[in-house]
Protein chains: 2
Amino acid sequence: MSTTAAPVRDAATCCAAPLTAAPLDADEAARLAHVLKALADPARLRLLSLVAAADGAEACVCDLTEPVGLSQPTVSHHLKTLVDAGLLTRERRGSWAFYALVPGALDAVAGALQHPGR
Amino acid sequence: MSTTAAPVRDAATCCAAPLTAAPLDADEAARLAHVLKALADPARLRLLSLVAAADGAEACVCDLTEPVGLSQPTVSHHLKTLVDAGLLTRERRGSWAFYALVPGALDAVAGALQHPGR
DNA sequence: CCGCGGCATCGACGGGTGTCGATGTTGACG
DNA sequence: CGTCAACATCGACACCCGTCGATGCCGCGG
């Protein structure tokens, strides 16, 4: 747990190297793997899609627990993982915590996988 | 291990749903997560990039062990994971086993993450 | 036929991860 | 001020995963 003390925006820093262009050095591979590890879970993928499809592109925890069929602590844990990976933002309004997609984060990961140069 | 007896082209079947378009159902989330889990490892990312950058876009195990700094069994294990995920192909020629990228596999994963650019 | 080199598989070990219930914290509301 | 609701954190559990050395299998060359 707590492999990352400070919130690192890995999703923004991992997209420098197109995977198929040149061999990745260990550092960049670790950064990209960190973001992909946050994505490599069915529950987190569903949470991301639920947030993206929600009204206003944001959702609170109470709206996400039932669709994914997981307990509230587990959902909070997954959301924290996604925030730490730089894929989601968290905003507290009153008693609720609203999560929203980081614009361009998923696109950055996608661009790191394929060849963006076109 | 060996969650799939038959060779499933997860990388090809997981890209049907753009993540940000509509909520993923559990089945599609599991498929996409399977491929992403294969990608979510620094060693495997480096192996992929090494294969992509190799001459002829293919490489044998003996050429990959030293760059990633892992033992030969570990490299074979990672390559098997990538093959099972539908990201690499394996071809035996003589005593060597040559691995090559599956064309379009990475692009399919990338397309599943961002909205359909096309 | 025999040895050798390349590769896959096996068994084992340590660390990471997903999940839960219980509990703490914080803000809203009567 | 007391209570409730929403959320985060904690502790614990089972399970998966990355890694290694040892070993087995398979072609090739002598």
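We name chains A, B, ... by the order of the sequence lines, and we start the count at 1 in each one. Atom set for the values below is all heavy atoms of this structure, side chains included, hydrogens, waters and symmetry mates excluded.
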Requested in this report: Report yes if a side-chain nitrogen or oxygen of B:R90 is closer than 4.0 Å to either non-bridging phosphate oxygen (OP1 or OP2) of C:dC7; otherwise report no.
Outcome: no

**Report entry** Distance test, side-chain N/O of A:Y99 to OP1/OP2 of D:dA8, below 4.0 Å
**Finding:** yes

**Report entry** Atom pair distance, as rounded to whole Å: CG in B:D84 and P in D:dG18
**Finding:** 12 Å

Report task. With sequence neighbours left out, write down each residue that passes salt bridge (Lys or Arg N to Asp or Glu O under 4.0 Å) with A:D55, or none if nothing qualifies. Result -> none

Query raised in the report: Can you tell if the side chain of B:L36 reaches within under 4.5 Å of the side chain of A:D41, non-hydrogen atoms only?
Result: no

Requested in this report: Round to a whole Å and report the spacing from CG of B:L79 to P of D:dC17.
Outcome: 17 Å

Query - Spacing of A:L87 atom CG and A:L101 atom CG [to the nearest 0.5 Å] - result: 8.5 Å

Query - Whole-Å distance separating the NZ atom of B:K37 from the P atom of D:dC15 - result: 16 Å

**Report entry** For atom CG of B:L64 and atom C1' of C:dA8, their distance in whole Å
**Finding:** 15 Å

Report task. Check every strand shown and say whether B:F98 touches a base, only sugar-phosphate, or nothing at a heavy-atom separation below 4.0 Å. Result -> nothing

Query raised in the report: Please give, in whole Å, the distance from D:dA6 P to A:E66 CD?
Result: 10 Å

Query raised in the report: With no hydrogens and no angle check, is any side-chain donor or acceptor of A:S49 less than 3.5 Å from a backbone partner on B:L24?
Result: yes

Report summary line: Contacts satisfying side chain to side chain donor-acceptor pair (under 3.5 Å) that involve residues 85-98 of chain B (not counting sequence neighbours) are B:E58-B:R93, B:E91-B:R93

Query raised in the report: Is a side-chain N or O of A:R44 found less than 3.5 angstrom from the main chain of A:H78, in a donor-acceptor match?
Result: no

Report task. Starting at atom CG of B:L82, determine the distance to atom C1' of D:dG18, rounded to an integer number of angstrom. Result -> 13 Å

Requested in this report: To the nearest Å, give me how far apart CD (B:E91) and C1' (C:dG6) are.
Outcome: 16 Å

Please produce a list of atom pairs where a protein N or O lies less than 3.5 Å from an N or O of nucleotides 19-28 of chain C.
{"residue": "C:dT19", "atom": "OP2", "partner": "A:H78", "partner atom": "NE2", "Å": "2.2"}
{"residue": "C:dC20", "atom": "OP2", "partner": "A:S71", "partner atom": "N", "Å": "3.1"}
{"residue": "C:dC20", "atom": "OP2", "partner": "A:S71", "partner atom": "OG", "Å": "3.0"}
{"residue": "C:dC20", "atom": "OP2", "partner": "A:T74", "partner atom": "OG1", "Å": "2.8"}

